[in-house]
Structure formats: structure tokens, C-alpha cells
Amino acid sequence: MEIKIGCNTLYSAGRLSNEDAFTLPHQLRALEIIADAGFDAVEYSHASVLTLEELAQVAERTRALGLIPWSVHAWTPLAADDAQVEPTLAAFQSAAEIARALGTRVVVVHSAGGMDPARLEERKRANQTTLRALAEAVGPETVVAVENMRSLADWEFLLNMVATCGAANVGVNIDTGHANLGDLGVVRAIEMAGAAIQTTHLQDNFGERDDHLPPGLGQIDFVAALAAFRKAGYTGVYMVEISDCPSGREPDAVADTQAAARNLRSFLAQAGF
Ligand SMILES: [Zn+2]
């Protein structure tokens, strides 16, 4: 089976201070950078700034470049509590519309809420109500993938929340950078999730802050991580999620995207793919 690799869309005109600056020409340029680097697939990181007509143009350019429209990031998280359910449901209708317009296979979403025992039942109820609604809105051909953060206890909660939500087209996304902060750990996050893994956010850091560096530029053991994905039975795209506004250095979308492709190919070879 041929392994597919992907990268998220990066802003290439300097530091992105306001998402509204990521207009259609920048989106089309981001796709070109990803294709030029040799990636097979794309995650749309900033799609909510586009109109439906612009989304259609992005989808068209994705096809023309031979890229797989793999995933899109929904930036409104699953509701943390009952009060957040209504506004979240409204935001998810538009997230689902964006996913349909782009034709993506996966919608990535975060979960809001903490681990306060007194409020955990409410978090679970609100998370599940909004997750089911998003899963229904995107339709059965698309999967909603809930992303890990940095804590082991939170990941245990999320895996149970997803498994018992009652929708079929749901799963999880492994963000390697988040797992490398806090007490979760990258390989453990993958092993715990197993067959629930639907997509990845491969990104690197030094265990201190959420840098979203290209794999290989931090200290995460990606050979071990990739071996764990394979052992878990993961057969989807190996998707990178790097930052277009890195802290402590100048943004360079072309260099970072190319480094991510080169390093990921090398790690895959070392992991025996
Ligand atoms: Zn992520």
C-alpha cells in the first residue's frame, strides 16, 4: 500500500497576524507550495475566511494540482458546558458547509472543557451533543476527528467520550506536538487511541511550548511515532500541521513545507514503510 503524506495550508506573505488576511490568492499559493514540496494531500487550516464561491475555487485548484482534499480544521471546539451548546451548533453548521464545499474526508475539532470532577458529566454531555450534531451535519462519508491535547487524563476522557457518543462517523486525531507537552506522550497517545485514529497532526517541539515545527526540527521521536501508527492499523494520510506564525523566528512557508516533506519521507523510510 502506498503511503500518502499531507501538509496544512500556510500563509506565505509574512507573519499572519489576522486570519482575514489569508484571502483566496494566498490559499491558492498555499496549495501550490504543498504540491511543489511533493505532498499528496492537504489540510485546510484557515478555510472559514472564504465564501462558498471561493471555497469552490480552492477545491478546483486542489484537484488541478492532483492533491487529495483530506481534512479541514473546524476552529469552534465541542461545547464545554450546556450554555455553549446552542452557539456551537450554529458554528458547526457552517463548519460542515465548508467541509462539503471542499469535499474533505475528515473534519478536525478540539474539545473544550476541563477535568473538574464536579463538571465532568456536563462536559461529556455537551461534548457529545455537539459532536453528534457535527457528525450528522458533515454526512456519513466524512469523519469528525477529535484532537488530543497534552494531558493523559483528558485523553482518557476524550477517547471514552468519542466511543460512547452514539455516532458512527467519529474518531480521533493524534497531534504529536500536543502529546509531547504535559504527561500524555506521543506513542502512548497513539497506542491508547488504536483503531479510533482517523487522521494526524504531525508537528514537532522541544517539550516546552506548542511550536508546530516541521517534524525533525524539534525533539520528538517520529520513527517511533510512525511505527506506533502502523501498529495501530492506521492507513490514512500522514498529515503534517505546522505553523505560519512561528514564535522566535521568521515565518518561511516554502522552507518549512519542504523541510516537513523531506523529513517525513526520511522518517517513514527509517520506520520501514
Ligand atoms: Zn493540531
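From a predicted model like this one, the values you see are computed outputs, not experimental measurements. Note: hydrogens, waters and symmetry copies are ignored here, and every other heavy atom, side chains too, is used. Order of listing sets the numbers, starting from 1, for every ligand and every atom in it.
- With a 6.0 Å radius and a threshold of 12 heavy atoms from other residues, nucleotides or ligands, E156 has its CD atom above the threshold.
- As for E147, its N/O/S atom nearest the Zn ion (ligand 1) is the one called OE2.
- The CD1 atom of I190 lies 7.5 Å from the CG atom of L226; values are rounded to the nearest 0.5 Å.
- A perpendicular orientation is assigned to the rings of H110 and W75, their planes being inclined by more than 60° (bins at 30° and 60°).
- By the 4.0 Å N-to-carboxylate-O rule, D154 lies close enough to R123 to be salt-bridged with it.
- The N, O or S atom of H201 lying closest to the Zn ion (ligand 1) is ND1.
- Computed with the Zn ion (ligand 1) at the centre, the E241 OE1 to D175 OD2 angle is 90°, stated to 10 degrees.
- Residue side and main chain included, H178 places no N/O/S atom under 2.8 Å of the Zn ion (ligand 1).
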